[in-house]
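Below is one structure, written out as structure tokens; comments come after it.
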Amino acid sequence: MESLINLVSEHREMLYFVILSVFVGIEVIGGVPTVLHTPLMSGANAIHGVVIVGAIYVMLNIDPSNVFALVLGFLAVLLGTLNVVGGFVVTDRMLEMFKKK
Amino acid sequence: MESLINLVSEHREMLYFVILSVFVGIEVIGGVPTVLHTPLMSGANAIHGVVIVGAIYVMLNIDPSNVFALVLGFLAVLLGTLNVVGGFVVTDRMLEMFKKK
Amino acid sequence: MKSSLLEICYLFGSVTFIVGLKMMGNPKSARRGNLYAAFGMVIAIFGTIFLFEKKDHAGNVDTAFVVPAMVYYLIFGAIALGTVIGWLTAKRVQMTKMPELVSMFNGMGGACAALIGLMEYQHNLDSTGALAAIIAGMVIGTVSFSGSVIAYLKLNGTMNKPIRLPQYNIINTIFMISLVAFGTWMVMMKPDNMAILYALFFAAIVYGILFTIPIGGADMPVVISLLNSFTGLAAAFGGFLYDNKIMLTGGILVGSAGTLLTLVMCKAMNRPLSNVIFGAFGATGATGDREMSGNIKDINVSDTAVLMNYSKKVVIVPGYGLAVAQAQHVIHELEMILEERGVIVKYAIHPVAGRMPGHMNVLLAESNVSYDKLVEMEDINPEFTSTDVVLVVGANDVVNPAAHNDPASPIYGMPILDVENAAHIIVNKRSMNAGYAGIENELFFNPKTNMLFGDAKTVLTKLVAELKAL
Amino acid sequence: MKSSLLEICYLFGSVTFIVGLKMMGNPKSARRGNLYAAFGMVIAIFGTIFLFEKKDHAGNVDTAFVVPAMVYYLIFGAIALGTVIGWLTAKRVQMTKMPELVSMFNGMGGACAALIGLMEYQHNLDSTGALAAIIAGMVIGTVSFSGSVIAYLKLNGTMNKPIRLPQYNIINTIFMISLVAFGTWMVMMKPDNMAILYALFFAAIVYGILFTIPIGGADMPVVISLLNSFTGLAAAFGGFLYDNKIMLTGGILVGSAGTLLTLVMCKAMNRPLSNVIFGAFGATGATGDREMSGNIKDINVSDTAVLMNYSKKVVIVPGYGLAVAQAQHVIHELEMILEERGVIVKYAIHPVAGRMPGHMNVLLAESNVSYDKLVEMEDINPEFTSTDVVLVVGANDVVNPAAHNDPASPIYGMPILDVENAAHIIVNKRSMNAGYAGIENELFFNPKTNMLFGDAKTVLTKLVAELKAL
Ligand SMILES: NC(=O)c1ccc[n+]([C@@H]2O[C@H](COP(=O)([O-])OP(=O)(O)OC[C@H]3O[C@@H](n4cnc5c(N)ncnc54)[C@H](OP(=O)(O)O)[C@@H]3O)[C@@H](O)[C@H]2O)c1
Ligand SMILES: NC(=O)c1ccc[n+]([C@@H]2O[C@H](COP(=O)([O-])OP(=O)(O)OC[C@H]3O[C@@H](n4cnc5c(N)ncnc54)[C@H](OP(=O)(O)O)[C@@H]3O)[C@@H](O)[C@H]2O)c1
């Protein structure tokens, strides 16, 4: 119990960060009209492509003699880019059509 | 310029904290019906009474031979309590009347 | 261990503040939200007292340190006294005095922040960051304090004319800049001289007064909401000083929520914030440039009673005059009698009717009017065409058609209640005097309109008696 | 200095994500919001590459370290290739294939998170915290990946029957618990053996498949939204691992927003999430227990054309069949011809019409239907009483009165479009087959209803031709 309490208190910065972000995430979505669910889903989809930042970081720290790791890293960056670029572009395409004509 | 950048980066935890809290504060109020403006204002009023925590902290660290400081501290805790208790009670009184009858 | 537990108390408290504020945004959950936040606050306060650990400058716990019993007595004494006074005041105050009370409690919070600054200044002369937080918190808290006192006096009626120095806008701006410069200088120079700190303190008091004094009494709700967010900011600076997370979350939340609420109120009044603070609205007696023409028709109480008795649907438009006359109970009586006679009665609630957002709702809720009879502007406006009688009680600006018709009018563009669409309009007020915006009202000259002069409470009491006799 | 700048890039990016997501919640600002978030992402990506500093375990910068040129080539190569493929796919895909595309891109993100886990495992065997983040991120990312692939295949029609092992609920639950236990064990024991890690990886792939496979194709949007928030969570775990703030904010934002969106969708369909995941909805062919009775009346295209031509107001109810038949362009043509003839035409958009939230809006917007002609359910429902002709095109469940009348029906309680209040109802579909919920529709037996059988595109094209000839 005591160690749990200490653990929580040690990571309190992180905890506040997580809690506040969760609130922001929830609040930001609340009350979105049904019309926008699909583009919103696809926009959020593009945003989690931020995982590519991790993939790039792995690549930059990689041991260049490890070919297998290089291949995996290349793949990770490629897939991440697909998620990011595809996600944002497709969202933009959808939203472009939502204009009042 | 460089020192500014370093300052920002050093306090980044704090910055994220502030930015996220501001977003939460704004989001939480958005779309409140006019009917609730008064109780909401008074509820928020009670919450900033949390400044009493600082006043108590000052008191606990006080030099007990400094009578002037003791008086100021006593006053600070008193005023803080007024803000907190009065704020929450008056808000509750208002909201009690909002029930559908 | 103790301080870890304290951190958890603070985390819990912060979450209750967020969740509580969120819940306060919905009529169904608002009351529980307030209680949650209050509960979190109690946890945070008692945690602070009972989980206290003295720390030296390096952050190590000084286990030898014992807080003198006398200090505990003082703390508990202050809390007990504050609780009793706060509780009784809050329970006893009349519902119409809410704005005063809120501004009062807000001032207390600001003063608390200011006192913390006064006490901490000399202990933190070695750190620029801490000093900046102390000075900022003290100045903002003080401005909020003295501003709230003025707001209180104005709402109270003690100080009922806006007092304006010539060129007050320029004077205030210069004063503000000097105050900021003074504070910055102190943070830079760190003078170890309490007299200088007190000088800053008094300057802040004066600024708070100068800031609030030129603003008309009726704009006070907006000002209070603004000062509210100032106090929040002051609390947040306290949080920076002690790296105290709950003061930070609580302060920032209220600071940002209060700022937004202020803007939302201004929007509901259709005026920019700058106009509230710097404008001379309502005081110069700005009038639209149209001449009013036409006749005014009186009506007496018994005719009104007959007219209402044989209506199908009556809409009551309450305004500031209803609050002043304390006529909320008798209007509810009127409503019940009419309902008994089979008349449909609704209240049309304009967002800025009265002198405080939601003023009418609070007032009518106090006198037990059912919440679902209070219809908001957007929802009631289409209903006026099917309304037989509109009874305007002490309202003026919120039914002034100049908002639609007269681009020169100071209220032009404000959404109003379209009472002109009803078959009959009866307006109760004491005279032909203008309302808050200081402008004439064409509605009173409308052929459909009948004026029922007199104090709202007196007139309505008579009306109820007449109706009972019918 | 470099890493300080990088932190500022991340801070900036995080703010664009929040602001962007917020703006995406409003039709007016949605497009700009998406671009802001994309811009923040670009800044974050290039910041990561150009402001990189190698750090040793203690966090000190290793100034001697130079990233080999080959690594840069690979990174830029991957980004360039990904950009080209992603861009072209996104630009070329048909609007009706949106759900597939979103699930595809979501799977890519999950796979990216999984690969990071595979690469980082052996470098972090000394830290329980890091290992926990790696394992959690990898498992969640992998589940999201394989689940998305299945969702893609289902939406695509390649795998069009829900495949159910007997007792799949129990099997899946046991599998999930084992997976969690396996992961926890690895975090505890830290086995320095890649084979074990791969075993976990493959187990996660299998679980993702098992999780998604029993769910009906039409529930895929909900599943994708859920997997979306899984990938967000996986990205957040990456953020924990590297103490990388933008991965944290981005991941948590999408994780929580995605979860809420999932629940909002379920609510719009009037089904709890558990029912979507565990339920056998639509597959057991659940029908209400009422027998349908009455006659069915046919109508032909020319009679329909005449009826519409002489109407004052026509409301079109589009449904899934419209999307399948790709009839969005011809329906817009129909609308324009009718408007030319002075008929008021509106579209009634049910929130869950089609197979994806907002499906109809996207579809009709594609064919240039003006946004203000698309009326949401709550707003159009009161209008049906004043409507001459309702034309239901390929919709079924969203107009099924069983939702109001039949407590035994699986869709009982779902809000529907009250087309029965209109003077004439014309339903276009190919047969008397049921829709997604697998139930019969009493509306088709309503005396006011005429069935216009045939493929939506074919029938509407003929209808347009007839109208032109009139
Ligand atoms: N609600 C808010 O948040 C808020 C905040 C700030 C400003 N305001 C402003 O306040 C105004 C509110 O409009 P309103 O229509 O409610 O009020 P109003 O325009 O101020 O008019 C009130 C009327 O009540 C009459 N009255 C006063 N005492 C009375 C009594 N004892 N019995 C009967 N009548 C009495 C007055 O006329 P007699 O003197 O002839 O009796 C006066 O014309 C708006 O201009 C709004 O912008 C509102
Ligand atoms: N929107 C969402 O987010 C979402 C997500 C998951 C599930 N759902 C569910 O999907 C359903 C949506 O309702 P809905 O009314 O749009 O669709 P529906 O109830 O599935 O009915 C679609 C109808 O279109 C007809 N159809 C198919 N192809 C056609 C063609 N080429 N030409 C003409 N008609 C054609 C079918 O009848 P024939 O075979 O006789 O032609 C079918 O009855 C709801 O039950 C909802 O809960 C929606």
Side-chain angles (χ1 to χ4, degrees), chain A residues 17-18 21-22 24-26 28-29 32 34-45 47-62 64 69-70 72-98 100-101, chain D residues 17-18 21-22 24-25 27 30-31 34 37-38 41 44 48 52 67-68 71 74-75 78-79 81-83 86-87 89-90 101-102 105-106 108-109 111-113 115-116 119 225 228 231-232 235 238 246-247 249-250 252-254 256-258 260-261 351 356-358 361-362 365-366 370-371:
Chain A
F17 186 89
V18 171
S21 305
V22 168
V24 172
I26 291 178
V28 149
I29 297 300
V32 170
T34 335
V35 193
L36 285 175
H37 281 176
T38 296
L40 192 68
M41 192 161 107
S42 119
N45 180 28
I47 288 177
H48 69 46
V50 73
V51 70
I52 191 186
V53 165
I56 293 174
Y57 189 75
V58 173
M59 277 296 266
L60 291 168
N61 280 299
I62 219 162
L70 284 176
L72 285 190
F74 177 83
L75 250 179
V77 177
L78 177 66
L79 294 176
T81 312
L82 277 174
N83 183 351
V84 170
V85 175
F88 282 120
V89 172
V90 92
T91 310
D92 187 64
R93 241 188 96 193
M94 279 188 234
L95 291 172
E96 194 187 348
M97 302 178 320
F98 270 84
K100 224 171 188 151
K101 277 148 207 155
Chain D
F17 290 172
I18 300 177
L21 260 187
K22 175 74 194 161
M24 270 187 244
R31 198 175 174 200
N34 183 54
M41 185 71 85
T48 309
F52 174 72
V67 179
V71 168
L74 283 176
I75 293 178
I79 291 182
L81 193 61
T83 305
W87 195 289
T89 325
L101 206 68
V102 173
F105 290 140
N106 183 51
M108 310 280 106
C112 179
L115 290 177
I116 294 178
M119 287 187 283
S225 176
N228 212 350
T231 311
I246 198 168
M247 289 174 78
T249 30
I252 301 176
L253 265 181
V254 174
S256 58
L260 191 71
L261 194 59
M356 172 142 222
N361 301 70
V362 176
E366 188 203 358
S370 163
Y371 184 69

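Computed from heavy atoms alone, side chains included, the values below leave out hydrogens, waters and symmetry copies. In what follows, chains are A, B, ... by sequence order, proteins preceding strands, each numbered from 1.
- Looking at Val84(A), only its side chain comes within 4.5 Å of chain D, counting heavy atoms on both sides.
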Evaluate the side-chain contact (heavy atoms from CB on, under 4.5 Å) criterion for residues Leu36(A) and Met24(D): first the C-alpha distance (whole Å), next the side-chain angles of each, then the deciding distance (0.1 Å), finally the verdict. CA-CA 8 Å; Leu36(A) 285 175; Met24(D) 270 187 244; over 6 Å; no
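- Annotation: the span from Met108(D) atom CE to Leu78(A) atom CG amounts to 8.5 Å, rounded to 0.5 Å.
- The two residues Ala257(D) and Ile29(A) make their nearest non-hydrogen contact at CB-CG1, 3.2 Å.
- Residues Leu115(D) and Leu79(A) meet the side-chain proximity criterion, which asks for heavy atoms closer than 4.5 Å.
- Side chains of Asn106(D) and His48(A) form a contact here, defined as non-hydrogen atoms less than 4.5 Å apart.
- The two residues Ala76(A) and Met119(D) make their nearest non-hydrogen contact at CB-CE, 4.2 Å.
- Taking CE from Met41(A) and CG from Asn228(D), the interatomic distance works out to 6.5 Å, rounded to the nearest 0.5 Å.
- For the atom pair CG (Asn34(D)) and CG (Leu95(A)), the distance works out to 6.0 Å, reported to the nearest 0.5 Å.
- The choice from Thr249(D), Thr89(D), Ile252(D) that makes the most heavy-atom pairs within less than 4.5 Å of chain A is Ile252(D).
- When side chains are defined from C-beta on, Asn61(A) counts as touching Phe52(D), because their heavy atoms get closer than 4.5 Å.
- Side-chain contact between Ile47(A) and Leu253(D): absent, with no pair of heavy atoms (C-beta onward) separated by less than 4.5 Å.
- The minimum heavy-atom distance linking Gly82(D) with Leu82(A) is given by the pair O-CD2, 3.6 Å.
- The candidate from Val18(A), Ile52(A), Val85(A) with the greatest count of non-hydrogen atom pairs under 4.5 Å with chain D is Val85(A).
- Heavy atoms only, all atoms of each residue included: Thr48(D) and Leu60(A) are closest at O-CD1, 3.5 Å.
- Among Gly43(A), Gly87(A), Gly25(A), the residue with the largest count of heavy-atom pairs under 4.5 Å with chain D is Gly25(A).
- At a 4.5 Å heavy-atom cutoff, the contact between Leu101(D) and chain A is made by side-chain atoms alone.
- Residue Ile116(D) comes nearest to Gly54(A) through the heavy atom pair CD1-C, 3.6 Å, listed as atom of the first residue, atom of the second, then distance.
- Judged by distance alone, the side chain of Asn45(A) and the main-chain N or O of Val102(D) form a donor-acceptor pair under 3.5 Å.
- In this structure, OG1 in Thr81(A) is found 8.5 Å from CG in Leu81(D), a value given to the nearest 0.5 Å.
- Here the side chains of Val67(D) and Ile62(A) are not in contact, with every heavy-atom distance at 4.5 Å or above.
- When all heavy atoms of Val51(A) and Cys112(D) are compared, the pair lying nearest together is CG1-SG, 3.8 Å.
- At a threshold of 4.5 Å between non-hydrogen side-chain atoms, the residues Met41(D) and Val50(A) count as touching.
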